[in-house]
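The structure under discussion appears below in the form of structure tokens.
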Number of protein chains: 2
Amino acid sequence: MTNRRNTIQKDLVKNAVYEMKRHVTANEVYEFLKKEYPTIGKGTVYRNLDILSEEGALRKVEVPDGANRFDITLKNHYHVRCIKCGEVSDVDMEEIPDLMKRIHDTHGIDFLEYDISFKGICPRCREKMKEEQNG
Amino acid sequence: MTNRRNTIQKDLVKNAVYEMKRHVTANEVYEFLKKEYPTIGKGTVYRNLDILSEEGALRKVEVPDGANRFDITLKNHYHVRCIKCGEVSDVDMEEIPDLMKRIHDTHGIDFLEYDISFKGICPRCREKMKEEQNG
DNA sequence: CTTCATGCAAAGCTTTTGCATTTCC
DNA sequence: GGAAATGCAAAAGCTTTGCATGAAG
């Protein structure tokens with residue numbers, strides 16, 4: 001588990017996410033790296049993104065009905081996803097204190113973590129919609 | 001959009017979710033219905049589950065890295081997903097008031113809705129893990 | 001009779017996996 | 001040199017889609 005090897009590819013994946021400065025999908029990372037390292041495997045990118053998330057170097061933002069995203073922000077925070085284009089961005093909101101304590105009937109479940117996910121429409125898509133209406 | 005036809009299949013799908021009394025996946029609904037209506041199409045089930053969710057008759061619980069679930073509970077509530085078996089159940093927790101108001105910098109995004117999703121380990125899987133350790 | 005939904009199969013998209021080869025320690 | 005990661009391709013899992021046929025209004 002903890003005995004992981006340091007490989008070039010793992011560094012490449014990590015640095016790619018740092019350089020891209022967005023909430024990137026695994027495929028975006030793969031395409032990004034393929035330019036300079038054409039032999040890198042998609043499986044390797046997926047594997048390393050997950051490993052890096054487990055290790056805490058990256059954060060995996062799970063997206064239903066779409067590709068998962070990865071980012072580098074270390075502080076805990078929430079995300080909003082545009083229902084039109086699917087873009088994910090950070091939400092500036094304090095964490096809700098003691099959220100786990102509010103759970104009453106647990107059905108015997110051990111609660112481990114939670115995530116709040118928002119949906120909305122980003123400025124770019126809002127503009128596009130306006131234009132379509134006026135067009 | 002709003003001019004939808006009432007079809008037998010749509011009723012079947014709705015009733016199936018009501019009868020199954022769980023957070024069911026589209027495929028589970030399909031298998032359930034196929035017993036009595038062997039010619040029903042998987043696409044039809046998917047289409048009607050989405051239509052019924054849009055209409056408010058069902059609630060779609062989006063699950064990353066897994067099949068989406070549908071249930072009938074009309075009151076707003078939250079969900080917890082077992083990280084071992086993937087089962088989804090309701091969480092008994094009051095809604096958090098004014099959650100949307102807590103958002104500070106919106107980057108110009110129009111916020112529409114939010115969802116809180118918990119992760120945990122269900123009693124059944126916890127037992128299984130214990131047995132494996134002691135075995 | 002026109003339009004929409006169905007059934008079926010195929011394709012789409014994201015992710016995982018099997019395996020020979022290479023790399024790391 | 002032994003174990004683990006890679007690259008490649010194939011498969012898996014969930015969902016959507018194209019199209020001819022059939023049902024609804």
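What you are looking at is a predicted structure, and each value in this text was computed from that prediction instead of being measured. Letters go in sequence order (proteins before strands), and every chain restarts at 1. Hydrogens, waters and symmetry mates are skipped; everything else that's a heavy atom, side chains included, is used.
Contact check, A/Gln9 against C/dT23: no side-chain N or O comes under 4.0 Å of OP1 or OP2.
With sequence neighbours excluded, the residues that form a salt bridge (charged side-chain N to carboxylate O under 4.0 Å, His left out) with B/Glu31 are B/Lys34. Legend: residues meeting side-chain hydrogen bond (donor to acceptor under 3.5 Å, both in side chains) with A/Glu113, ordered by chain and number and at least two apart, are absent. Shown here are the side-chain hydrogen bond (donor to acceptor under 3.5 Å, both in side chains) partners of A/Asp65, two or more places apart in sequence or in another chain: B/Asn68. Evaluation of the side-chain hydrogen bond (donor to acceptor under 3.5 Å, both in side chains) rule for A/Glu95 yields A/Asn76 as partners, not counting sequence neighbours. Taking B/Ile96 as the reference, A/Ile96, A/Leu99, A/Arg102, B/Met93, B/Leu99, B/Arg102, B/Ile116 meet the side-chain contact (heavy atoms from CB on, under 4.5 Å) condition, with sequence neighbours excluded. Evaluation of the salt bridge (charged side-chain N to carboxylate O under 4.0 Å, His left out) rule for B/Lys10 yields B/Glu55 as partners, not counting sequence neighbours. Applying the side-chain hydrogen bond (donor to acceptor under 3.5 Å, both in side chains) rule to B/Glu87 yields the partners B/Arg124; only residues at least two apart in sequence or on another chain are considered.
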What pairs of nitrogen or oxygen atoms, one from the protein and one from nucleotides 21-24 of chain D, lie under 3.5 Å apart?
{"unit_1": "D/dA24", "atom_1": "N3", "unit_2": "B/Arg5", "atom_2": "NH1", "d": "3.4"}
{"unit_1": "D/dA24", "atom_1": "N3", "unit_2": "B/Arg5", "atom_2": "NH2", "d": "3.4"}

Protein-nucleotides 13-17 of chain C N/O pairs under 3.5 Å:
{"unit_1": "C/dT15", "atom_1": "OP1", "unit_2": "A/Asn68", "atom_2": "N", "d": "3.0"}
{"unit_1": "C/dT15", "atom_1": "OP1", "unit_2": "A/Asn68", "atom_2": "ND2", "d": "3.1"}
{"unit_1": "C/dT15", "atom_1": "OP2", "unit_2": "A/Tyr46", "atom_2": "OH", "d": "2.9"}

Fill in the dot-bracket string of DNA chain D, one character per base: . for unpaired, | for a pair to another strand, ( ) or [ ] for pairs within the strand, taking Watson-Crick or G-U pairs under 3.5 Å. |||||||||||||||||||||||||

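For B/Ile51 and C/dC4, the CD1 to C1' distance is 10 Å, given to the nearest whole Å. Regarding B/Tyr37, its OH atom lies at a distance of 15 Å from the P atom of C/dC8, rounded to whole Å. Put simply, CD1 on B/Ile40 is 15 Å from P on C/dA9, counting in whole angstrom units.
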Atom pairs and distances, side-chain donor-acceptor, residues 20-30 of chain A, under 3.5 Å, sequence neighbours left out:
{"unit_1": "A/His23", "atom_1": "ND1", "unit_2": "A/Val88", "atom_2": "O", "d": "3.2"}
{"unit_1": "A/His23", "atom_1": "NE2", "unit_2": "A/Asp71", "atom_2": "OD2", "d": "3.0"}
{"unit_1": "A/His23", "atom_1": "NE2", "unit_2": "A/His79", "atom_2": "NE2", "d": "3.4"}
{"unit_1": "A/His23", "atom_1": "NE2", "unit_2": "A/Asp90", "atom_2": "OD1", "d": "2.7"}
{"unit_1": "A/Thr25", "atom_1": "OG1", "unit_2": "A/Glu28", "atom_2": "N", "d": "3.1"}
{"unit_1": "A/Asn27", "atom_1": "OD1", "unit_2": "A/Lys42", "atom_2": "NZ", "d": "2.9"}
{"unit_1": "A/Glu28", "atom_1": "OE1", "unit_2": "A/Thr25", "atom_2": "N", "d": "2.9"}

Side-chain donor-acceptor pairs under 3.5 Å in residues 44-52 of chain B, sequence neighbours left out?
{"unit_1": "B/Asn48", "atom_1": "ND2", "unit_2": "B/Thr44", "atom_2": "O", "d": "3.2"}
{"unit_1": "B/Asp50", "atom_1": "OD1", "unit_2": "B/Lys60", "atom_2": "NZ", "d": "2.9"}

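Ionic pairing of A/Glu62 and B/Arg81 is not present here: no N-O contact between side-chain nitrogen and carboxylate oxygen is shorter than 4.0 angstrom.
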